[in-house]
Asker: 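First the structure, which I've put down as structure tokens, then a few questions once you've had a look.
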Amino acid sequence: MEIIRIPRIMREITKNLKIKSKSIGFVPTMGALHEGHLSLIRRAKDENDVTVVSIFVNPTQFAEGEDFEKYPRDTEGDKEKLQKIGIDYLFLPEATSLYPQGYSTYVNVEGLSDKLCGKFRPGHFQGVATIVCKLFNLIRPNRAYFGQKDYQQILIIQKMIEDLNFDIELIPCPTIRDEDGLAMSSRNAYLNEKERKAATVIYTTLREGERLLKEGLKPKEVKEKMIEILRSEPLVTEIQYAGVYDPLTLEEVSEKQAKYLLAIAVKINNTRLIDNFLVY
Ligand code: AMP
């Protein structure tokens, strides 16, 4: 595994791979790697000649007052995990090399970016779209792998790929969970024992929401039931959103339809956690 820190060098490497017609699989991450990340990386490795993973805690996707400074970082542990899987390149840029002084260009995917998480994290998806756009230009992957845990992110990146004419296939990958159902997340490291236990209410609520939808309850009733379950957990200190949404537009759904997105964002004390189910 080669570690590349300088964007210009990363670009040279991928340019040469392109000349040799090698297919490139790319997994962008913010590090503190867990099984969720590793499942994407293994898949990228299986499906491409060359695998590139980036680790970059992207400052532009954190709003004022969010957890950028304390976001978990474990570069040495991450390197070991990646070495073990046997990826080809780890791209590990410095913030100043991607956003030098005077940097002034941002990508904004209108509409989708204002829904769900966008309402509570101003500028978040602009930061995400901008960094992914930059990484796509540097790495020029054939396929890019994203986790369904961040469902809204997938929709936004897919829209950016189409609107900006990237020749990249986005591969959505299933959410990897702990045994009790909690979706793996680097932010789970913030939870103490009690909070970690309380966090399972997110999964329980999604399961129950799915069951009720399949039983034929109306989306509005399902939403009410979901909120009731979340409220029953005292350590859920804030429900940012919970309910039944259209999987393409992310608009709240009130009538029955063929496919639904059940989605939740809550705070367990100070830790913000999200999860979702697609229901057919
Ligand atoms: P992050 O480091 O949180 O930016 O995540 C990097 C990529 O890993 C994103 O595409 C996430 O959706 C994906 N990811 C994070 N957690 C999981 C999980 N539990 N299962 C599957 N993919 C995940």
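All heavy atoms count here, side chains included; hydrogens, waters and symmetry mates do not. Here, residue 1 is the first one in the sequence, and each next residue gets the next number. One-based numbering, in listed order, for ligands and for the atoms of each.
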Asker: Please report whether ligand 1 has a polar contact with Lys149, defined as an N or O pair separated by less than 3.5 Å (distance criterion only).
Answerer: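 No, no N or O pair falls under 3.5 Å.
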Asker: Using a strict 4.0 Å cut-off to heavy atoms of Thr175, name the atoms of ligand 1 that fall inside it.
Answerer: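 Those qualifying, in numeric order: 20 (N), 21 (C).
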Asker: To which protein heavy atom is atom 10 (O) of ligand 1 closest, and what is the distance rounded to 0.1 Å?
Answerer: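 The answer is Gly147 N, 2.9 Å.
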Asker: Could you verify whether a donor N or O on one side chain and an acceptor N or O on the other, from Gln257 and Glu255, lie under 3.5 Å apart?
Answerer: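 Side chains of Gln257 and Glu255: no pair found under 3.5 Å.
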Asker: Measuring from atom 19 (N) of ligand 1, which candidate in Met184, His34, Gln153, Met30 has the nearest non-hydrogen atom?
Answerer: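 Looking at heavy atoms only, the winner is Met184.
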Asker: Any non-hydrogen side-chain atom of Phe125 less than 4.5 Å from a side-chain atom of Gln61?
Answerer: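 Heavy-atom side-chain distance check fails, nothing below 4.5 Å.
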Asker: May I ask you to decide whether Arg196 forms a salt bridge with Asp178, counting only side-chain N to carboxylate O separations under 4.0 Å?
Answerer: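 Yes.
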Asker: Report the part of Pro174 (side chain from C-beta onward, or backbone N, CA, C, O) that has a heavy atom under 4.0 Å from ligand 1; answer both or neither where that applies.
Answerer: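 Pro174 to ligand 1: backbone contact only, side chain stays beyond 4.0 Å.
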Asker: Below 4.0 angstrom from a heavy atom of Phe146, which ligand 1 atoms are there? Numbered from 1 as shown, please.
Answerer: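 Result: 10 (O).
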Asker: Please write down residue, atom name and distance for the protein heavy atom closest to atom 7 (C) of ligand 1.
Answerer: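 Looking at atom 7 (C) of ligand 1, the protein heavy atom closest to it is Pro28 O, 3.7 Å.
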Asker: Is it the side chain (CB and beyond), the backbone, both or neither of Leu40 that lies under 4.0 Å from ligand 1, heavy atoms counted?
Answerer: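 Side chain only.
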Asker: Can Tyr190 and Asp67 be counted as having a side-chain donor-acceptor contact under 3.5 angstrom?
Answerer: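 Present: a donor and an acceptor within the cut-off.
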Asker: Under a 3.5 Å distance rule, please check whether Ser54 uses its side chain to pair with a backbone N or O of Leu92 as donor and acceptor.
Answerer: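 No.
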Asker: Suppose we measure from atom 8 (O) of ligand 1 to each protein heavy atom; which comes out shortest, and what is that distance?
Answerer: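 Going atom by atom, the protein heavy atom closest to atom 8 (O) of ligand 1 ends up being His37 CD2, 3.4 Å.
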Asker: Which atoms of ligand 1 are found less than 4.0 Å from any heavy atom of Thr29?
Answerer: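 Going through ligand 1 atom by atom, the ones under 4.0 Å from Thr29 are 2 (O), 6 (C).
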Asker: Can you confirm whether the side chains of Tyr71 and Glu66 place a donor and an acceptor under 3.5 Å from each other?
Answerer: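 Per modelled atom types, Tyr71 and Glu66 side chains form no pair under 3.5 Å.
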Asker: Considering only heavy atoms, which of Asn58, Ile176, Leu170, Asp150 lies nearest to atom 20 (N) of ligand 1?
Answerer: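 Nearest option to atom 20 (N) of ligand 1, by heavy atoms: Ile176.
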Asker: Against ligand 1, does Ala32 come closer than 4.0 Å with any heavy atom?
Answerer: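 Outside the 4.0 Å threshold, so no.
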Asker: Judged by modelled atom types alone, do Thr60 and Tyr99 share a side-chain donor-acceptor pair under 3.5 Å?
Answerer: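 Present: a donor and an acceptor within the cut-off.
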Asker: Among Arg272, Lys267, Lys119, find the residue that satisfies the side chain to side chain donor-acceptor pair (under 3.5 Å) test when tested with Gln240.
Answerer: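 One option only clears the test, and that one is Arg272.
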